[in-house]
2 protein chains.
Amino acid sequence: MQDLFTSFSLQVNNRVYIKNPESSALGRKIVESSINLIDEVGFEAFTFRKLGLEIHSNEASIYRYFESKYKLLLYLTSWYWCWMEYRIAFGLANIPAPEERLEKAIKLLTENIELDGSFEHINEYKLNKIVIAESSKSYMTKEVDQNNKEGFFAGYKQLVGRVSDIILEINPTYKYPHMLISTLIEGAHHQRFFAQHLPRLTDAVNGEDAIIEFSKEATFKAIGAKCPTK
Amino acid sequence: MQDLFTSFSLQVNNRVYIKNPESSALGRKIVESSINLIDEVGFEAFTFRKLGLEIHSNEASIYRYFESKYKLLLYLTSWYWCWMEYRIAFGLANIPAPEERLEKAIKLLTENIELDGSFEHINEYKLNKIVIAESSKSYMTKEVDQNNKEGFFAGYKQLVGRVSDIILEINPTYKYPHMLISTLIEGAHHQRFFAQHLPRLTDAVNGEDAIIEFSKEATFKAIGAKCPTK
DNA sequence: CATTTATGATAGCATTACTATTATATTTGC
DNA sequence: GCAAATATAATAGTAATGCTATCATAAATG
């Protein structure tokens, strides 16, 4: 069992960091506190100098792990997508019916994330908030093509690919599986943000998680299948 | 007719600027060149100093029109959503059937934008690219609640509200019209970006605009209606 | 215990995002 | 046609940012 876990240990593309932050106490502290600080002040106002003060360490030391704050953001988002894939892989294990697997995958992709404590130095609740608010800044840049070549978005693409495969299992003729899943993921993130800050762009419904329900319903209708629990 | 146009003239919330850029040649030049420059170098690398050099004017002069580059971005995105609402208002005029109106609205919201030259100092083609790549930076900020209170997102919210109303005309029991439309708009923008830079997240189909087709199909299926042209 | 490696402290530099001041055009109202 | 108001330009300055470089010291390793 331990082995299974180890083989699933979240391996972020090693080109996003200079020195692997998992490899030292300082590295883990950098990751842990960067999540707190970005969540608190936002990515724009976040600086390595402030982070250094926060962890009673040094700006220059942080630069030995990450080339820039953008690379650190890329590290955090990559880690998040790896983690999401791991959640889905485990969550769908031993479920044979593709409809049920799809339903569960959608839930896992769109639900509100709570702290689960599986990874000591990572607060999944705050990381989810960061991914919602800041992840577009990791790819909506002038360097996107370069970064893509270096494989920085591989985790996200792989995740989208996996869920698309379930769709194709259910309906092999559906033409837009990748579009549907990537729209769903980004859309659910946006909706969580809107629900908090721009509620006129959403539709809250008492007693249900409208974002999950909307996502399930829209997906199954789009591919012309029936959602198992409806 | 002129009057109709005038009453439709694109009125951006006057709190996003200090002095209305439409009111002077310099102001229009600032807007025109900021679109070129942001499109060229990206919003992060865009500065008022560079813009001043570009238009052979002065950094300080630009600050008399816009408090900061964020406010300028807010101006550009607000203008864009006003323009989109105007396109839709005209595009749907005299179409009685709500299904046809919805189909046309989706097309207008998700299609690729081309230069149309109706507004001398605004290049709609480039502005659309900016909105796709940078608009999330205008609301995914720590100041979103403050900015929302000041009405900076009113145009966007109004647009979503209008199209949602068409959905409710077709199916008054549909529970998530705002979610559907805002997901659609943001989703289509993301897809245009992905198609160019991260194609594994989309599904290109030869001979059709897959993004428009996907959007129409998903919307009509979600609300349980039939798309007129299918 | 000698040497490599990791961290800390300090300094420095070009650029950014502004603000302030003063000078010069340009418009306008009479 | 000219004074007064207004808009723009030129220049300088400031605190903060996003780094890089250097040197000293601490910790791990062989």
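Worth knowing before you read on, the calculation uses all heavy atoms, side chains too, and leaves out hydrogens, waters and symmetry mates. Here the structure is a predicted model, which is why all the values come from computation and not from measurement.
Taking 4.0 angstrom as the limit, A/Thr47 places none of its side-chain polar atoms (N or O) nearer than this to OP1 or OP2 of D/dG18. A sub-4.0 Å separation between OP1 or OP2 of D/dA21 and a side-chain N or O of A/Tyr63 is absent. The side chain of A/Tyr70 places no N or O atom within less than 4.0 Å of a non-bridging phosphate oxygen (OP1 or OP2) of D/dG18. The phosphate of D/dT17 has OP1 or OP2 within less than 4.0 Å of a side-chain N or O from A/Lys50. B/Ser68 has no side-chain polar atom (N or O) that falls below the 4.0 Å cut-off from OP1 or OP2 of C/dA17. Listed pair A/Ser57 / C/dT7 fails the phosphate criterion, with no side-chain N or O lying under 4.0 Å from OP1 or OP2.
The residue B/Glu44 sits apart from the nucleic acid: no heavy atom pair falls under 4.0 Å. B/Tyr65 comes within contact range of the sugar-phosphate backbone alone, with a heavy-atom separation under 4.0 Å but no base atom that close.
Between B/Leu53 atom CG and D/dT11 atom C1' there is a gap of 14 Å when expressed in whole angstrom units. One atom, CZ of B/Arg64, and another, P of D/dT6, lie 14 Å apart when rounded to the nearest Å. In this entry the distance linking CZ of A/Phe66 with P of D/dG18 reads 16 Å, nearest Å. At whole-Å resolution of the value, CD1 in A/Ile62 and P in C/dA6 are 17 Å apart. Protein atom CG of B/Leu73 is 13 Å distant from nucleotide atom P of C/dA17, rounded to whole Å. Straight-line distance from the CD1 atom of A/Ile55 to the P atom of C/dA9: 12 Å, rounded to whole Å. We find that NE2 of A/His56 is positioned 16 Å from C1' of C/dA9, with the value rounded to whole Å. Residue A/Ile18 contributes atom CD1, which lies 10 Å from atom P of D/dC19 at whole-angstrom precision.
A cation-pi contact links A/Lys69 to A/Phe43, judged by a cut-off of 6.0 Å to the six-membered ring centre and 45° from its axis. Under the 6.0 Å distance and 45° angle rule, B/Lys137 does not count as a cation-pi partner of B/Tyr70.
For the pair A/Ser182/B/Gln191, a side-chain contact is recorded, criterion being any heavy-atom separation below 4.5 Å from C-beta on.
The residue among A/Phe48 and B/Ser61 whose nearest nucleotide of DNA chain D is located toward the 5' end is B/Ser61. For the pair B/Glu59 and A/Asn58, both in contact range of DNA chain D, the more 5′-proximal nearest nucleotide belongs to B/Glu59. With the nearest nucleotide of DNA chain C identified for both B/Ala60 and B/Lys69, B/Lys69 has the one nearer the 5' end.
Using a 3.5 Å distance cut-off with no hydrogens or angles, the side chains of A/Ser136 and B/Ser136 do pair a donor with an acceptor.
Between B/Glu111 and B/Arg87 a salt bridge is recorded (basic side-chain N to carboxylate O distance below 4.0 Å).
Of the candidate nucleotides D/dT17, D/dT8, C/dA9, D/dT17 has the atom nearest to the side chain of A/Arg49. For B/Lys19, whose side chain is taken as the heavy atoms from C-beta onward, the closest listed nucleotide among C/dA17, D/dA10, D/dA7 is D/dA7.
Distance CG/A/Asn14 to OG/A/Ser78: 11.0 Å, rounded to 0.5 Å.
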